[in-house]
Amino acid sequence: MTSIALIGYMGSGKSTIGCQLASQNHRKFIDLDNEITKFEGREIATIFAQEGEEYFRQVEEKMLNHFCEDNVIVATGGGIVMNQNSRDVLKNCFQTIWLEVSYSVVEERLQLDDTRPLWKQSKEQRQALFERRQGLYEECADIRVSVNERSPKEIATEIERSISFI
Ligand code: S3P
């Protein structure tokens with residue numbers, strides 16, 4: 001069975017919905033950022049600060065590849081689509097679901113967040129990044145699901161209906 005990848009901007013709910021989807025379907029849930037943190041033995045913010053974004057994207061790509069044939073549900077990091085190789089893996093090896101969120105919802109959800117290095121930019125930069133990524137999420141997605149003002153359970157159930165769990 002093909003693994004499922006959830007993609008979408010920071011704060012779109014990939015981990016929460018991935019967990020819900022996995023438990024509804026008795027499948028294993030993987031949070032890619034947690035796997036990277038374990039593998040590297042340091043926090044994402046530290047990896048960005050010490051090695052830079054390019055290095056992080058390479059580790060992220062390796063980790064994504066690692067889970068592609070494992071029949072799991074993977075919550076990816078919001079920037080995974082910035083890497084061409086990762087986009088190819090998402091397109092070729094996963095059933096990829098885009099959790100589509102509006103920018104205003106993200107701003108509200110992450111207003112107190114200080115853990116994400118790319119969220120610490122100015123609001124204009126964060127919004128520009130959001131706009132830039134929309135087309136890339138669309139390019140990789142087999143299915144897109146709107147997540148604004150809906151519960152994780154509702155969203156997971158919609159995903160379940162759209163995908164054939166064998
Ligand atoms: C990132 C999103 C984060 C994490 C890292 C980079 C991004 O994951 O991978 O901080 O570039 O958007 P979430 O989408 O889970 O916040």
Side-chain angles (χ1 to χ4, degrees), residues 3-23 28-68 72-91 94 96-141 143-148 150 152 155-156 159:
S3 286
I4 291 173
L6 300 179
I7 60 170
Y9 200 63
M10 292 177 262
S12 58
K14 301 176 292 291
S15 301
T16 309
I17 293 160
C19 238
Q20 176 74 37
L21 188 63
S23 86
K28 191 171 171 198
F29 171 68
I30 301 289
D31 184 308
L32 214 59
D33 278 349
N34 285 349
E35 295 300 319
I36 294 170
T37 302
K38 273 193 268 169
F39 175 76
E40 285 281 317
R42 46 190 173 167
E43 296 300 321
I44 304 286
T46 310
I47 303 172
F48 266 74
Q50 292 179 343
E51 315 289 348
E53 181 174 352
E54 184 54 38
Y55 174 87
F56 175 78
R57 297 293 167 217
Q58 284 167 17
V59 180
E60 194 176 40
E61 175 193 330
K62 273 194 212 130
M63 214 45 97
L64 183 70
N65 254 306
H66 179 75
F67 287 108
C68 106
V72 292
I73 294 178
V74 179
T76 63
I80 198 154
V81 294
M82 303 301 278
N83 174 335
Q84 171 75 61
N85 294 337
S86 293
R87 289 204 296 280
D88 290 342
V89 176
L90 286 169
K91 285 189 261 183
F94 285 85
T96 299
I97 323 283
W98 174 20
L99 303 185
E100 196 177 7
V101 66
S102 63
Y103 186 71
S104 56
V105 169
V106 174
E107 271 293 334
E108 203 180 301
R109 286 184 184 171
L110 298 186
Q111 54 183 320
L112 299 177
D113 183 82
D114 63 355
T115 61
R116 294 165 169 90
L118 294 179
W119 189 251
K120 288 183 179 166
Q121 308 174 90
S122 70
K123 187 172 173 186
E124 287 68 32
Q125 287 171 312
R126 298 194 298 241
Q127 190 154 13
L129 194 60
F130 176 90
E131 301 300 342
R132 202 175 328 134
R133 288 179 178 177
Q134 294 298 95
L136 300 175
Y137 294 133
E138 188 168 19
E139 176 191 324
C140 299
I143 294 163
R144 74 159 83 172
V145 178
S146 171
V147 299
N148 295 333
R150 300 172 68 200
I155 298 161
I159 295 171

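When a ligand or atom number is given, it counts from 1 through the structure's own listing order.
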Mark up the atoms of ligand 1 that fall under 4.0 Å of a heavy atom belonging to [X], in ascending order.
X	result
F56	9 (O)
P117	10 (O)
I44	5 (C), 10 (O)

Inset, instruction - Please check if atom NZ in K62 has more than 12 non-hydrogen atoms from other residues, nucleotides or ligands closer than 6.0 Å. - result: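 No, because the 6.0 Å sphere around NZ of K62 holds 12 heavy atoms or fewer from other groups.
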Counting only nitrogen or oxygen atoms and a 3.5 angstrom limit, does [X] reach ligand 1?
X	result
D33	yes
G77	no
F48	no

Inset, instruction - Tell me which protein heavy atom sits closest to atom 2 (C) of ligand 1, plus the residue, atom name and distance to 0.1 Å. - result: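 The closest heavy atom on the protein side is G78 N, 3.4 Å.
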Inset, instruction - Distance to 0.1 Å, residue and atom name: give those for the protein heavy atom nearest to atom 7 (C) of ligand 1. - result: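 Ranking protein heavy atoms by distance from atom 7 (C) of ligand 1, first comes G79 N, 3.3 Å.
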Inset, instruction - Using the six-membered ring wherever Trp is involved, compare the ring planes of Y9 and F130 and label them parallel, tilted or perpendicular (cut-offs 30° and 60°). - result: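 Judged by the thresholds at 30° and 60°, the geometry between Y9 and F130 is perpendicular.
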Inset, instruction - Would you mind finding which of K14, K120, R57 brings a heavy atom closest to atom 11 (O) of ligand 1? - result: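 That would be R57.
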Inset, instruction - Just go through R133, R126, R116 and tell me whose heavy atom is the nearest to atom 12 (O) of ligand 1. - result: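 Answer by nearest heavy atom: R133.
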Inset, instruction - Give the C-alpha distance, both sets of side-chain angles, the deciding distance and a yes or no for salt bridge (charged side-chain N to carboxylate O under 4.0 Å, His left out) between E54 and R57. - result: CA-CA 5 Å; E54 184 54 38; R57 297 293 167 217; over 6 Å; no
Inset, instruction - Could you walk me through whether N65 and E61 pass side-chain hydrogen bond (donor to acceptor under 3.5 Å, both in side chains), step by step? - result: CA-CA 6 Å; N65 254 306; E61 175 193 330; 4.6 Å; no
Inset, instruction - Indicate yes or no: at least one non-hydrogen side-chain atom of W98 is less than 4.5 angstrom from one of Q134. - result: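 The answer is yes, as the side chains (C-beta and beyond) meet within the 4.5 Å cut-off.
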Legend entry - pair Q111-E107: side-chain heavy atoms closer than 4.5 Å: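 A side-chain contact under 4.5 Å is absent here.
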Inset, instruction - Looking only at non-hydrogen atoms, find the nearest pair between K14 and I7 and report the distance. - result: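 Between these two residues, the closest heavy atoms are CD-C, 3.7 Å.
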